[in-house]
Amino acid sequence: MKNQELARIFRHIALYLEMDNEIIFKIRAYENAANSLESLPEDIENIYKKGGVKALEDVQGVGRGIAEKIEEYLKTGKIKHYEEMKKRVPVDIDSLSAVEGLGPKKILILYKKLKIKNLKDLENSAQAGKIRKLAGFGAKTEENILKGIGFAKTSNERFPIGVVLPVAVEIEKRLQSLPYVKRAIVAGSIRRRKETIGDADFLVVSEQPKKVMDYFVSMPDIARVYGRGETKSMIKLKNGLDADLRVVPERSLGAALNYFTGSKEHNVALRTIAIKKGMKLNEYGLFRGPRFTAGKDEEELYKALGLHYIEPEIRENTGEIEASRKNTLPNLISCDDLKGDLQVQTAWTDGANSIEEMAVAAKQHGLSYIVITDHTKSLAVAGGLDEKRLAQQSKEIDRLNGRLDGITVLKGAEVNIMKDGSLDIDNPALRELDVVGFAVHSLFKMPKKEMTERIIRAMNNEHADILFHPTGREIGKRPPFDIGIEKIIDAAKETGTVLEIDAYPSRLDLKDEHIRLAIKNGVKLSIDSDAHNKNHFRFLEFGIAQARRGWAEKKDIINAWPLGKMKKMLK
DNA sequence: GCCGTTTTCGGCCCGACTGTTTTCAGTCG
């Protein structure tokens, strides 16, 4: 899929245009196209193959000019215009612009005056004291560049939501406990529950902003202070996470929360609506001329714009605003809607706790049923179960259900999909299970066509109920398998197979846009913790967030249904 | 360069902080 490559090129073109002092709107057009391509669930090459340049122009942010550049890239692997730009200013634009405080204008001057092309050149010139002598630069800038180089390696890093959320909530609590703080809220991509987080945004209501700033920039776990102003400060924590804090007056809380929650694209769209209505929207409120119209809370703000309230998880400007205007927003699944968990590992294989311990923990978590899905025999590293051991486990589950109260334990397995698409447990044994989960755990690098066919063949097994972690990715560690997700979704619909949203923080698989695509095609989903110990049921929260980002409703998620109805959905 | 429930031409989101400046450009989100 070339979507990301093209997005990166258009981002570079935008930077080069900025060096040339091109008008801001042309630059934004390239950035918009890059954003749009990055979040496009369909393969741009497919779109082009099906409908040519005309179809490309239907993509948001892509017009005649950029469509032709996409075509050129798909046909020749290059974009002439871009190649010329690179030739004229041959610098490593990604790594240089990753240095905090270094943008296209400064990069151009550094190249022209000092022939700086990459981080190494930059470091040498800075250390030699050459940068401070350039017009528009100074000793402070040089110092910041040197600091920035040290941080550049980590500054682009994104952290899984599962790692960041507890840290952010902790800081939120600390801020909230200060006597001069009225409200403290985590906003930004954390509030939108994006799967990975670039930085943490905190919003505070206080009448003593200076005191808040003092506290924030001197917290014990800070590695660096980027900036500190009257109402805004930026820091880096020792764990590598960047954090921003803004203080606003109370009447602006809703507008500020909306602004700092984003996404940027969503905000821009809202502001455009405000302008069309003869108003102005910023983080302090919605204004008609000098008159404050709305902004104390978000509901009032959306209403004043002629919209229904939009949940943070879907504020990505991917159709939510239109749906809000027409009052066709989804009724998103919520945190307490889940009744069961359909993927749970135990000490029978690579889990840490017994079946009973997992069942008790699940009940405490508010669930009324779980499925035990230990690995199967071909996954030797996990001590996978064979048909005989599965039968033994089944007897233990029967005994346990006789004893347990308020929670039902179902029999299942996480069966391996073999190279040829067959399953590693025979059909008579599968028939005995309540829920057959199945997944790829080997030969991750198969070519796209073979991998897709392999999985689809497994989906056609008469007992195969739920495809676990369908794309196999591990965030920050392993890319997804090369598969045709559209074909998998079609096959799920045809075979009545459920697709999983694996809530394990490093997986979050399926991802949001695939969830939305699956739902659009009438495919049912499950949200499972993939728990490997009794504390892992809390991961369900992240799966629900992921499902909400994919516009999922209760009716789409089979383990939000009562046990009887859920079982009827299975093969 | 994109886009259209004002428009196929004339618009295009808004503000904070820093550093190097004597009033602002560059960068960031």
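Note on naming: letters A, B, ... go to the chains in the order of the sequence lines (proteins, then strands), and numbering restarts at 1 for each one.
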Next item on the list: Output yes when a side-chain donor or acceptor of A/T261 lies under 3.5 Å from a complementary backbone atom of A/A187, and no otherwise.
Entry: no
Margin query: Has A/N258 got a side-chain atom pairing as donor or acceptor with A/G254's backbone, closer than 3.5 angstrom?
Written below: no
Please give the distance between the [atom1] atoms of [N] and [M] as a whole number of Å.
N      : M      : atom1 : result
B/dC14 : B/dC9  : P     : 25 Å
B/dC17 : B/dT23 : C1'   : 16 Å
B/dT8  : B/dC13 : C1'   : 23 Å
B/dC28 : B/dT22 : P     : 23 Å
B/dG15 : B/dT20 : P     : 26 Å
B/dG1  : B/dT5  : C1'   : 24 Å
B/dG11 : B/dA16 : C1'   : 26 Å

Over all strands shown, is [X] touching base, sugar-phosphate only, or nothing at heavy-atom distances under 4.0 angstrom?
X      : result
A/I24  : nothing
A/R28  : base
A/K264 : base
A/T231 : sugar-phosphate
A/A139 : sugar-phosphate
A/L281 : sugar-phosphate
A/Y30  : sugar-phosphate
A/N144 : sugar-phosphate

Can [X] and [Y] be counted as an ion pair, charged N to O under 4.0 angstrom?
X      : Y      : answer
A/E142 : A/K130 : no
A/K78  : A/E5   : no
A/R88  : A/D20  : yes

Without decimals, in angstroms, what is the distance between [X] [atom1] and [N] [atom2]?
X      : N      : atom1 : atom2 : result
A/D58  : B/dC2  : CG    : P     : 13 Å
A/N32  : B/dC12 : CG    : P     : 14 Å
A/M234 : B/dT27 : CE    : P     : 14 Å
A/Y259 : B/dC28 : OH    : P     : 14 Å
A/N21  : B/dT27 : CG    : C1'   : 14 Å
A/F25  : B/dC14 : CZ    : P     : 10 Å
A/M213 : B/dC17 : CE    : C1'   : 11 Å
A/Y226 : B/dT18 : OH    : C1'   : 15 Å

Does the side chain of [X] get closer than 4.0 angstrom to OP1 or OP2 of [N] through an N or O atom?
X      : N      : result
A/K232 : B/dA16 : no
A/N282 : B/dG15 : yes
A/K280 : B/dG15 : yes
A/R271 : B/dG15 : no
A/Y284 : B/dA16 : yes
A/K106 : B/dG26 : no

Checklist line | Criterion side chain to side chain donor-acceptor pair (under 3.5 Å) against A/E316, the qualifying member of A/K264, A/K194, A/R549 | finding: A/R549
Notebook entry, point to check: For A/F137, is the NZ or CZ atom of A/K133 found under 6.0 angstrom from the centre of its six-membered ring and inside 45 degrees of the ring axis?
Noted result: no
Notebook entry, point to check: When you measure from the centre of the six-membered ring of A/Y30, is the NZ or CZ of A/R11 under 6.0 Å away and within 45° of the axis?
Noted result: no
Check: Now, which nucleotide makes the Watson-Crick or G-U wobble pair with B/dT27, with each of the two distances under 3.5 Å?
Finding: B/dA16
Could you list the protein-to-nucleotides 4-9 of chain B atom pairs, N/O on both sides, closer than 3.5 Å?
none

Notebook entry, point to check: Does A/T141 or A/G101 map to a spot on DNA chain B nearer the 5' end, using the closest nucleotide for each?
Noted result: A/T141
Next item on the list: Specify the residue among A/E230 and A/E18 whose closest nucleotide of DNA chain B lies further upstream toward the 5′ end.
Entry: A/E230
Checklist line | Minimum-distance pair of heavy atoms, taken over all atoms of A/C335 and A/E541 | finding: SG-CG, 4.5 Å
Margin query: Parallel, tilted or perpendicular: which one describes the rings of A/H12 and A/Y82, with boundaries at 30° and 60°?
Written below: tilted
